[in-house]
Amino acid sequence: MTKRERFMNFLSNKPVDRVPVAFFHHFTASDEWGKGLVDEDIFRRNIEGHRTALERFDPDVIKIMNDSLMIMPLDTSFVKTAADLRNIQPPTPDSPYGRKTRELTERSMAIYAGNEAFIYATGFSPLMVLKTSLDPGDQPDPRLPRFLQEDPESVMAALDILAKAIMDLNEMLIKECGVDGIYFSVNNQNHYIPDDLFTKYMAPVEIRVMEHANGLSPINLLHICGYHGRGNNLELFKNHPAAAYNIAVYAEGVSLSEGRKLFGGKPVFGGFAQDTVIYTGTREEVKKATWDILDECGQVGVMVGADCTVPMDINDDRFNWVRKAAEEYAASH
């Protein structure tokens, strides 16, 4: 099978010659994330990291890592009350952030010229954009949940503004930059927004963004971002319309087969913790972990990966170990 045939069979819940493999990691340190607008060296290293990684592992599916830009920047320094959120002004595709996003995407795609794998751009939900600016880190008294209780209409107005900006960015990435789809990142880790309020206010906006992306491409993926004990209630995302779902098996304590049932039989991917066996295990331990995953969930509608990004200093050759293990599993089952 070609990479595209295999991946489309995965998305269609059809048999494959062996399951595809999808691991991703950042190319710059966490204290450099989002600094590509002001530091050209960070921006360059972000792009060139794709080239270095490709020398070790030829991916089954490509995700452009936008570490140096990351989540859409948003000025909320003026926000004192929920009503102030109505005045946020997210970046447009013609803003410095939008232009840098285009440049990063196109230059990274050029590295993969001639590679038949599908290429995804990283996207983030309106909630993640707003939370990152309004409540960075672990605040003892986060403002956004309080604002949502006090003035949900103002919070919704802000989310609508952000949704439009994200849709415009996604349209640029797919229509103009030529990516095949959006790898859409969402989360509500550790019940940051109470579940009932998330379902009422947040989920509809995220679904609207995804439906817009689905109108541009039929193969968008949903990354439910959980890691290192920061879990999500997966029930909150079961109506998000994606072609496949990345669930954090270890952060959420939900197996791939259980996740597939939750999402109505749709394809799922993941299975490895971020920084244990895949990062430090021997080749035999990686093989055993891969076989254990496939024993649990089978080989149809499954792609092997991790809860979230693996450490940036990982040896990318380890992903070849997983792929070889998947080939050997397919040959013997």
Side-chain angles (χ1 to χ4, degrees), residues 24-54 62-79 84-112 119-139 143-144 158-179 181-187 209 213 223 225 227 308-309 311-313:
F24 311 112
H25 61 77
H26 297 287
F27 297 119
T28 59
S30 58
D31 61 357
E32 297 176 318
W33 294 350
K35 295 182 179 178
L37 283 173
V38 295
D39 191 318
E40 192 62 30
D41 180 63
I42 293 174
F43 184 73
R44 179 193 60 79
R45 283 190 283 112
N46 177 177
I47 294 169
E48 287 301 310
H50 295 85
R51 191 186 312 277
T52 304
L54 183 59
I62 295 163
K63 182 164 89 78
I64 294 175
M65 302 301 296
N66 65 342
D67 321 345
S68 60
L69 302 177
M70 282 295 279
I71 296 176
M72 179 182 285
L74 185 68
D75 178 17
T76 56
S77 61
F78 63 92
V79 174
D84 294 332
L85 290 172
R86 294 175 179 270
N87 298 316
I88 60 170
Q89 296 183 355
T92 67
D94 291 328
S95 69
Y97 176 80
R99 292 195 298 271
K100 275 294 189 183
T101 296
R102 177 193 295 272
E103 180 184 354
L104 184 150
T105 303
E106 292 177 343
R107 287 175 60 182
S108 298
M109 288 181 68
I111 291 171
Y112 297 104
I119 299 179
Y120 284 84
T122 306
F124 297 94
S125 71
L127 171 59
M128 292 182 72
V129 174
L130 193 54
K131 177 186 182 296
T132 299
S133 180
L134 203 60
D135 294 323
D138 294 317
Q139 302 291 332
R143 291 187 290 171
L144 184 55
L159 292 174
D160 286 342
I161 293 170
L162 290 172
K164 174 62 165 61
I166 293 167
M167 290 179 196
D168 289 345
L169 194 67
N170 288 347
E171 190 152 346
M172 178 191 78
L173 289 166
I174 293 174
K175 282 190 171 182
E176 299 177 28
C177 297
V179 301
I182 302 298
Y183 190 93
F184 193 54
S185 182
V186 299
N187 73 45
V209 172
H223 168 55
C225 183
Y227 55 88
C308 194
T309 50
M312 65 171 287
D313 63 348

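From a predicted model like this one, the values you see are computed outputs, not experimental measurements.
The shortest heavy-atom contact between Ser68 and Thr28 is N-OG1, 4.5 Å. Between Pro90 and Met72, the shortest heavy-atom contact is CB-SD, 3.9 Å. Taking both residues in full, the closest heavy atoms of Met109 and Gly178 are given as CE-O, 3.6 Å, listed atom of the first, atom of the second, then distance. Nearest approach of Gly49 to Phe27, heavy atoms of both residues: O-CE2, 3.2 Å. Shown here for Tyr97 and Leu169, the closest heavy-atom pair between the two residues is CE2-CD2, 4.1 Å. Annotation for Met172 and Pro93: closest pair SD-CB, 3.9 Å, computed over non-hydrogen atoms.
The shortest side-chain heavy-atom distance between Ile88 and Leu162 falls under the 4.5 Å cut-off. Side chains of His223 and Cys308 form a contact here, defined as non-hydrogen atoms less than 4.5 Å apart. Side-chain contact between Ile182 and Ile174: present, with at least one pair of heavy atoms (C-beta onward) separated by less than 4.5 Å. A heavy-atom distance below 4.5 Å is found between the side chains of Phe43 and Glu40. By the 4.5 Å heavy-atom criterion applied to side chains, Ile166 and Phe124 are not counted as neighbours. Side chains of Ile42 and Arg45 form a contact here, defined as non-hydrogen atoms less than 4.5 Å apart. Using a 4.5 Å heavy-atom threshold, the side chains of Asn187 and Tyr227 count as separate. Counting heavy atoms from C-beta on, the side chains of Leu130 and Leu85 come closer than 4.5 Å.
Under a 3.5 Å cut-off, the side chain of Arg143 and the backbone N or O of Leu134 do form a donor-acceptor pair. A distance-only check finds no donor-acceptor pair linking the side chain of Asp67 to the backbone of Glu32 [under 3.5 Å]. A donor-acceptor pair under 3.5 Å is formed between the side chain of His50 and the backbone N or O of Met65.
Between Asp160 and Lys164 there is no salt bridge, since none of the side-chain N atoms of the basic residue sits less than 4.0 Å from a carboxylate O of the acidic one.
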Go through Ile119 and Ile64 one step at a time and tell me if the side-chain contact (heavy atoms from CB on, under 4.5 Å) criterion holds. CA-CA 7 Å; Ile119 299 179; Ile64 294 175; 3.8 Å; yes
side-chain contact (heavy atoms from CB on, under 4.5 Å) between Leu69 and Asn46, worked out: CA-CA 9 Å; Leu69 302 177; Asn46 177 177; 5.7 Å; no
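Ring pair Tyr120/Tyr183 is perpendicular by interplanar angle, where above 60° counts as perpendicular and below 30° as parallel.
Rounded to the nearest 0.5 Å, atoms CD (Glu171) and SG (Cys177) are 12.0 Å apart. The line from CD of Glu106 to CG of Leu173 is 9.5 Å long, rounded to the nearest 0.5 Å.
Other residues, nucleotides and ligands contribute at most 12 non-hydrogen atoms within 6.0 Å of the CD atom of Gln89. Within 6.0 Å of the NZ atom in Lys100, the count of heavy atoms belonging to other residues, nucleotides or ligands exceeds 12.
No option in Thr122, Thr101, Thr105 other than Thr122 meets the side chain to side chain contact (heavy atoms under 4.5 Å, CB included) test with Asn66. Among Thr76, Ile71, Asp75, Leu144, the single residue meeting the side chain to side chain contact (heavy atoms under 4.5 Å, CB included) criterion with Ser133 is Thr76.
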